[in-house]
Undergrad: 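The structure under discussion is supplied below as structure tokens; questions concerning it will follow.
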Amino acid sequence: QVQLVESGGGSVQAGGSLRVSCVASGRTFSIYAMGWFRQAPGKEREFVVGINWSGSSIYYVDSVKGRFTISRDNAKNTMYLQMNSLKPEDTAVYYCAASRDNKITSIPSSYPYWGQGTQVTVSS
């Protein structure tokens, strides 16, 4: 069993910053690659960024590159997403995901473990 819990979402104005966190518990030794996805109302779940276990491999979707930064602290079983220069189009529910292998993919089905999501709203 793996449980993922996101926190840190909220409402900010365009250009602002927010940091969301994901804390893993349970069988955390089963977790290798992790990532963040987001889903806006009426749209498909979208890959945002993924990170392997050591943090040596990171992949961002083009739309957030240069603005978002992913990191993880395995000793704390925690992953972070620092979001800067936020835009209204970043508005979505942000989901934490984890994989049993160390390969980063952009496919939701590759990640068996998911958090409940945290709402991020960016106003103009």
Side-chain angles (χ1 to χ4, degrees):
Q1 299 179 22
V2 172
Q3 296 82 43
L4 304 175
V5 179
E6 302 97 334
S7 63
S11 298
V12 297
Q13 292 186 326
S17 297
L18 209 58
R19 186 178 74 160
V20 292
S21 301
C22 172
V23 179
S25 61
R27 293 166 55 93
T28 57
F29 54 83
S30 298
I31 295 173
Y32 289 89
M34 298 185 73
W36 290 96
F37 289 75
R38 64 188 181 186
Q39 189 166 23
K43 296 197 173 185
E44 292 184 344
R45 190 162 298 189
E46 175 193 25
F47 172 80
V48 179
V49 59
I51 184 170
N52 71 349
W53 188 89
S54 68
S56 63
S57 184
I58 296 172
Y59 296 101
Y60 295 90
V61 68
D62 286 345
S63 61
V64 309
K65 203 170 297 181
R67 299 188 298 120
F68 290 11
T69 303
I70 192 173
S71 61
R72 65 191 294 173
D73 185 339
N74 292 333
K76 297 181 179 179
N77 294 318
T78 303
M79 177 177 65
Y80 308 93
L81 182 64
Q82 178 68 46
M83 301 179 287
N84 298 326
S85 301
L86 282 161
K87 304 175 180 179
E89 48 263 50
D90 295 318
T91 295
V93 177
Y94 282 70
Y95 294 93
C96 172
S99 173
R100 291 189 293 264
D101 68 37
N102 207 30
K103 181 178 177 64
I104 300 166
T105 84
S106 63
I107 304 171
S109 62
S110 298
Y111 298 84
Y113 310 119
W114 293 84
Q116 82 289 346
T118 186
Q119 177 71 47
V120 172
T121 302
V122 185
S123 62
S124 59

Undergrad: Do Thr91 and Gln119 make a side-chain contact, defined as non-hydrogen atoms from C-beta onward lying under 4.5 Å apart?
TA: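 With C-beta onward as the side chain, the pair touches.
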Undergrad: Looking at every non-hydrogen atom in both residues, tell me the closest pair between Ser21 and Tyr80 and how far apart they are.
TA: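 Smallest interatomic distance, heavy atoms only, reads OG-CD2, 3.3 Å.
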Undergrad: Can any side-chain N or O of Ser56 pair as donor or acceptor with the backbone N or O of Ser54 at less than 3.5 Å?
TA: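 Flag not set: sc Ser56 to bb Ser54 has no pair under 3.5 Å.
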Undergrad: Please report the shortest heavy-atom distance between Ala24 and Ile31, naming the atom on each side.
TA: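 Smallest interatomic distance, heavy atoms only, reads CB-CD1, 3.7 Å.
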Undergrad: So, taking the atom named OG1 in Thr78 and the one named CG in Asp73, what distance separates them when rounded to the nearest 0.5 Å?
TA: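 Reported to 0.5 Å precision, the distance equals 6.5 Å.
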Undergrad: Hydrophobic cluster membership, with links at side-chain heavy-atom distances under 4.5 Å among I/L/V/M/F/W/Y: are Val64 and Val20 in one?
TA: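 Yes; tracing contacts between hydrophobic side chains, which count when under 4.5 Å, links both residues.
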Undergrad: With a 4.5 Å heavy-atom cut-off, do Glu6 and Tyr94 have their side chains touching?
TA: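 In short, these two side chains do not touch, never coming nearer than 4.5 Å.
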Undergrad: Could you tell me which non-hydrogen atom of Ser63 sits nearest to which non-hydrogen atom of Arg38, and how far apart they are?
TA: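 Taking Ser63 first and Arg38 second, the nearest heavy atoms are OG-NH2, 3.4 Å.
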Undergrad: I want to check something: taking the side chain as every heavy atom from C-beta on, are Cys96 and Trp36 in contact at a cut-off of under 4.5 Å?
TA: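 Yes, their side chains come closer than 4.5 Å.
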Undergrad: With a 4.5 Å limit on heavy-atom distance, are the side chains of Phe29 and Asn77 in contact?
TA: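 They are not in side-chain contact.
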Undergrad: If you count heavy atoms of other groups shown closer than 6.0 angstrom to NZ of Lys65, is the number above 12?
TA: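 Atom NZ in Lys65 is crowded, with more than 12 foreign heavy atoms closer than 6.0 Å.
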Undergrad: Looking at Lys87 and Asp90, does any basic side-chain N land under 4.0 Å from a carboxylate oxygen?
TA: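 No salt bridge links Lys87 with Asp90.
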Undergrad: Do you know which two heavy atoms are closest between Ile70 and Tyr60, and how far apart they sit?
TA: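 Heavy-atom minimum between the residues: N-OH, 3.0 Å.
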Undergrad: Answer yes or no: is there a side-chain heavy-atom contact under 4.5 Å between Trp114 and Pro108?
TA: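 Of all side-chain heavy-atom pairs linking Pro108 with Trp114, at least one is under 4.5 Å.
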Undergrad: Decide yes or no for Ser99 and Tyr32: does some side-chain heavy atom of the first lie under 4.5 Å from some side-chain heavy atom of the second?
TA: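 When only atoms from C-beta onward are counted, Tyr32 and Ser99 do not touch, as no gap falls below 4.5 Å.
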Undergrad: Does any non-hydrogen side-chain atom of Thr105 lie less than 4.5 Å from one of Tyr111?
TA: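 Contact flag for Tyr111/Thr105 side chains = yes.
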Undergrad: What closest approach, in Å, do Tyr95 and Gly115 show between heavy atoms, and which atom pair accounts for it?
TA: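 Closest heavy-atom pair between Tyr95 and Gly115: CD2-O, 3.6 Å.
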Undergrad: Is any side-chain heavy atom of Ser30 less than 4.5 Å from a side-chain heavy atom of Tyr113?
TA: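 Side-chain contact under 4.5 Å: yes.
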Undergrad: When rounded to the nearest 0.5 angstrom, what distance separates SG in Cys22 from CD in Gln3?
TA: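 With rounding to 0.5 Å, SG (Cys22) is 11.5 Å from CD (Gln3).
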Undergrad: Check Val93 against Gly117 and note the closest heavy-atom contact, atom names and distance.
TA: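 Smallest interatomic distance, heavy atoms only, reads CG1-CA, 3.7 Å.
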